[in-house]
Amino acid sequence: MALTGRTALLAALGSLPVGILAPSWAGMLAVNAPLSLAILCDYALAAPVRTLQFTRTGDTSVRLGEAAEVQLTVTNPSRRKLRAHLRDAWPPSSWPTGTEQGSSRHTLAVPAGERRRLTTFLRPTRRGDRRAERITVRSFGPMGLAARQGNHQVPWTVRVLPPFTSRKHLPSRLARLRELDGRTSVLTRGEGTEFDSLRAYVPGDDTRSIDWRATARQSAVAVRTWRPERDRHVLVVLDTGRTSAGRVGDVPRLDASLDAALLLTALATRAGDRVDLLAYDRRIRAQVHGRSAGEILPAMVNALAPIEPALVETDARGLVAAALAGAPRRSLIVLLTSLDAAPVEEGLLPVLRRLTQRHTVLVASVADPHVELMAGARGTVDAVYEAAAGAQAHARRLRTAEQLQRHGAVVVDATPDNLAPALADAYLALKGAGRL
């Protein structure tokens with residue numbers, strides 16, 4: 001679209017270096033000497049762009065779905081007042097849909113020798129590191145007839161952390177943990193539980209918990225109470241291979257697995273267990289080891305934030321070897337992976353025994369709720385075919401899960417919204433049974 005009048009003049013002058021004009025404008029300005037002089041004077045009075053100085057401050061991390069603020073301080077060291085339009089460019093995934101233009105553009109005026117602070121608001125739509133791109137400044141003269149334009153690189157990185165939406169399930173699981181831990185009236189006994197204290201017998205108590213020696217020393221019947229063993233080791237292994245890239249609804253499988261891993265970590269650390277992390281496909285993508293209870297969750301969130309699925313087949317033998325290296329003594333190994341038949345039967349099953357012989361293994365996978373909807377479809381020929389396909393896919397997953405169970409693994413298969421609480425429940429069940 002052709003530009004006319006002052007807009008075309010500004011566009012032509014603003015896009016050209018000093019002393020260079022488009023041929024068509026050169027002829028017009030030669031005829032109109034006063035206008036030519038005004039434009040040249042306006043250009044000369046515009047504050048220089050190259051000498052501007054920039055510094056950044058603000059947020060360096062933000063949870064996905066929340067807003068971050070990054071401040072940009074502009075210092076004008078020249079002797080001319082800066083009248084400018086400024087664009088602070090960031091990657092498209094740093095903005096909400098439809099606001100890429102408005103949120104990064106600023107109009108500012110900075111007197112000579114002074115500074116001004118601008119704030120850019122970010123609301124990232126993806127996990128990972130979002131790095132600032134170039135700053136573009138267009139400096140106008142006092143009459144607005146001409147402008148200088150230039151770019152500056154001012155590095156800044158905002159790390160977008162997983163949202164951890166499953167933390168809403170933590171209070172209810174902590175209440176169940178307190179029951180297992182003997183801090184309420186519900187007391188349990190399992191193979192891996194430890195003696196806690198003695199109390200008076202009440203009707204309904206397990207007679208196997210009666211302490212006959214203590215009973216002989218007093219007039220009332222005494223029973224032992226038990227609590228789950230503490231200081232157990234939990235290794236969370238995250239499969240970041242190609243199957244983790246598949247989307248279930250609007251969320252990649254990997255993101256649902258991350259959320260489940262964070263809830264399990266928060267719960268296990270409250271239970272007194274030690275948690276480590278390993279993310280692997282054909283090499284180690286992230287590893288968190290030897291952190292204290294107060295450090296493990298922030299360290300895990302920070303390590304998982306930039307992880308993206310690798311579009312390669314996971315090396316199951318390498319994954320098992322890395323898991324064994326990270327768990328030198330008996331541990332609970334939680335493997336977040338896919339239940340697709342081919343990767344499991346060809347990759348994981350042949351090497352799973354190496355894990356189950358020494359450790360308790362829990363395999364957790366993200367199920368697609370659309371498959372269940374397909375299996376229940378009726379009414380038309382197409383719906384019947386969808387139902388057959390859904391039933392076949394569901395049967396394959398059940399068969400794969402049964403194969404894993406026959407090899408000694410505990411299997412959790414749940415939809416993205418239910419995976420995190422289902423994994424936490426499985427952990428509590430294993431802990432209550434003393435299988436950690």
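In this text the structure is predicted, and so the values were computed from the model without any measurement.
- Residues Leu174 and Leu267 have side chains in contact (heavy-atom distance under 4.5 Å, counting atoms from C-beta outward).
- Between the CG atom of Asn302 and the CZ atom of Arg159 there is a distance of 4.5 Å, given to the nearest 0.5 Å.
- Side chains of Leu72 and Leu86 form a contact here, defined as non-hydrogen atoms less than 4.5 Å apart.
- Using a 4.0 Å cut-off between charged side-chain N and carboxylate O, Arg56 and Asp88 make a salt bridge.
- For Arg291, the CZ atom counts as loosely surrounded, since its 6.0 Å shell holds 12 or fewer non-hydrogen atoms of other residues, nucleotides or ligands.
- Within a 6.0 Å sphere centred on CZ of Arg115, heavy atoms belonging to other residues, nucleotides or ligands number 12 at most.
- Counting heavy atoms from C-beta outward, Leu348 and Leu335 have side chains that approach closer than 4.5 Å.
- Between the side chains of Arg330 and Thr360, at least one donor N or O lies within less than 3.5 Å of an accepting N or O.
- In this structure, Arg317 places its CZ atom where only 12 or fewer heavy-atom neighbours from other residues, nucleotides or ligands lie under 6.0 Å away.
- Heavy-atom minimum distance, Ala112 versus Ser78: CB-O, 3.2 Å.
- Under the 4.5 Å side-chain criterion, counting only non-hydrogen atoms from C-beta, Arg176 is in contact with Asp425.
- Checked options Leu355, Val411, Leu404, Leu332; the residue passing with Val361 is Leu355 (criterion: side chain to side chain contact (heavy atoms under 4.5 Å, CB included)).
- Taking each heavy atom of Leu64 and Arg126 in turn, the nearest pair found is CD1-N, 3.4 Å.
- Annotation for Thr415 and Pro369: closest pair CG2-CB, 3.8 Å, computed over non-hydrogen atoms.
- Using modelled atom types, one finds no donor on one side chain facing an acceptor on the other under 3.5 Å when comparing Arg117 with Thr57.
- One side chain, Thr165 or Asp259, offers a donor N or O that lies under 3.5 Å from an acceptor on the other.
- No donor-acceptor contact under 3.5 angstrom links the side chains of Thr243 and Arg253, judged on distance only.
- Side-chain contact between Arg116 and Leu82 is absent, with no heavy-atom pair separated by less than 4.5 Å.
- Between the side chains of Ser244 and Asp239, no donor N or O sits under 3.5 Å from an acceptor N or O.
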Check: Given Arg397 and Asp340, is the side chain to side chain contact (heavy atoms under 4.5 Å, CB included) satisfied, shown in steps?
Finding: CA-CA 7 Å; Arg397 290 184 72 86; Asp340 292 350; 4.0 Å; yes
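- Minimum interatomic distance between Ala424 and Leu263 (heavy atoms only, all atoms of both residues): CB-CD2, 4.1 Å.
- Shown here for Ala46 and Arg80, the closest heavy-atom pair between the two residues is O-NH1, 3.1 Å.
- Shown are Val320, Leu319, Val334, Val363; of these, the side chain to side chain contact (heavy atoms under 4.5 Å, CB included) with Val237 is made only by Leu319.
- The closest side-chain donor-acceptor pair between Thr136 and Asn151 falls under 3.5 angstrom.
- Between Leu278 and Ala323, the closest heavy-atom pair is CD2-N, 3.8 Å.
- Few gaps surround CZ on Arg247; more than 12 heavy atoms of other groups in view lie less than 6.0 Å from it.
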